[in-house]
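Worksheet: the structure to be examined is printed underneath.
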Amino acid sequence: MLRTAAPDDGSLWVKPGARVAHLAQDIALLTGQSVAQIVTAGLPQHGEVAESWQLQHRVASVISRLQLDPLASVDALSGGWRRRALLARALVSEPDILLLDEPTNHLDIEAIEWLEQFLLDFGGALLFVSHDRAFINRLATRIVDLDRGSLASTVGNYDDYARIKAQQLAAEAAHAALFDKKLAQEETWIRKGVEARRTRNEGRVRALYQLRAQRVRGASVPAASS
């Protein structure tokens, strides 16, 4: 079984009966098993169904396309080849939800191209983390971005996300420039001569204090929305 972690906050609900497969970044401790045994363990277990020739053919096909030796002992494999075995186990399960963490790590071009097509044909929901921009571009239909503690969702592939993100950052920079200009003007005003300080507007002074507090908190620029 792959290890799972409890959420830091909130709750997690999975629809009863839903099949979830997971490829973790950390390699699970696997000993005394062959590659074929590890991969076969990912098959849905429904009595004798797991022994059907269709499922065994699925196992053999995935093992072959990921260039794994079915008879090899997992103990003898490097970390990269163990990850391939765990990826194969996740893929053969035909889950409703497939979670993949850096699935192209340790894969060559041929294996990546096969994986891309496999996932394009996949009928369930796919959530993956990757630094492979070409892989993201081909597969993603929505990008979820964690930026400065806030999550934002962008419909489209990586190119769409990059374009929208650049627009958002440009808008933030423009807001920041206006804020800095306003703050500088108010700081100049508050530092005027004695006569000016006697007649200054107290409401304006309070507003300046608020501007200073915003700058300290780094909250001068409102979060951009898509």
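- Residues T104 and S130 share a closest heavy-atom pair of OG1-OG, 4.3 Å.
- Of the candidates L127, V155, N157, R142 forms a side-chain contact (heavy atoms from CB on, under 4.5 Å) with just one, namely V155.
- The shortest heavy-atom contact between V129 and P103 is O-CD, 3.6 Å.
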Working for ring pair (Phe, Tyr, Trp, His ring centres under 6.0 Å), residues F135 and Y158
CA-CA 9 Å; F135 186 79; Y158 184 83; over 10 Å; no
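- Using modelled atom types, no side-chain atom of D145 and backbone atom of A152 make a donor-acceptor pair closer than 3.5 Å.
- Taken together through direct or relayed side-chain contacts under 4.5 Å among Ile, Leu, Val, Met, Phe, Trp and Tyr, L139 and F122 form part of one hydrophobic cluster.
- Rounded to the nearest 0.5 angstrom, D159 CG and I143 CD1 are separated by 9.5 Å.
- Between L99 atom CG and H22 atom NE2 the span is 6.0 Å, to the nearest 0.5 Å.
- Of the candidates D147, T154, D160, K165 forms a side-chain contact (heavy atoms from CB on, under 4.5 Å) with just one, namely D147.
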Which is it for I63 and D69 under the side chain to side chain contact (heavy atoms under 4.5 Å, CB included) test, yes or no, and what are the steps along the way?
CA-CA 7 Å; I63 286 176; D69 178 0; over 6 Å; no
Walk me through it: do L23 and F128 pass the test side chain to side chain contact (heavy atoms under 4.5 Å, CB included)?
CA-CA 9 Å; L23 171 63; F128 66 98; over 6 Å; no
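- S34 contributes a side-chain N or O that, together with a main-chain N or O of Q37, makes up a donor-acceptor pair within less than 3.5 Å.
- In this structure, the separation between CD on E116 and CG on L107 is 10.5 Å, given to the nearest 0.5 Å.
- In this structure, Q167 CD and I164 CD1 are separated by 6.5 Å, a value rounded to the nearest 0.5 Å.
- To the nearest 0.5 Å, atom CZ of residue R133 and atom OH of residue Y161 are 9.0 Å apart.
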Steps toward side chain to side chain contact (heavy atoms under 4.5 Å, CB included) verdict (R138, L120)
CA-CA 9 Å; R138 183 148 191 232; L120 284 171; 3.5 Å; yes
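- Side-chain atoms of R82 come within 3.5 Å of backbone N or O of V74 as a donor-acceptor pair.
- Between the side chain of S93 and the backbone N or O of A90, at least one donor-acceptor pair lies under 3.5 Å.
- At a threshold of 4.5 Å between non-hydrogen side-chain atoms, the residues L126 and L100 count as touching.
- Checked by atom type and distance alone, the side chain of R89 never pairs as donor or acceptor with a backbone atom of G42 at under 3.5 Å.
- Between the side chain of R84 and the main chain of G79, no donor-acceptor pair closer than 3.5 Å is present.
- Counting only heavy atoms from C-beta outward, the side chains of L98 and L91 approach each other to under 4.5 Å.
- Within the model, atoms NZ of K15 and CD1 of I97 stand 10.0 Å from one another, a figure rounded to the nearest 0.5 Å.
- Here the side chain of N105 pairs no donor or acceptor atom with the backbone of G80 at under 3.5 angstrom.
- Residues F118 and V39 fall within the same hydrophobic cluster, defined by Ile, Leu, Val, Met, Phe, Trp and Tyr side chains chained together at heavy-atom separations under 4.5 Å.
- In this structure a side-chain-to-backbone donor-acceptor pair under 3.5 Å is present from T40 to A36.
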Could you check V35 against L71 for side chain to side chain contact (heavy atoms under 4.5 Å, CB included), going step by step and ending with a plain yes or no?
CA-CA 6 Å; V35 167; L71 300 180; over 6 Å; no
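- With salt bridges taken as basic N to acidic carboxylate O contacts below 4.0 Å, none links R65 and E110.
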Side chain to side chain donor-acceptor pair (under 3.5 Å) between Q67 and D108, worked out:
CA-CA 10 Å; Q67 303 164 21; D108 56 25; 3.3 Å; yes
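- Within a 6.0 Å sphere centred on CD1 of I109, other residues, nucleotides and ligands contribute 12 heavy atoms or fewer.
- The shortest heavy-atom contact between L43 and V92 is CD2-O, 3.8 Å.
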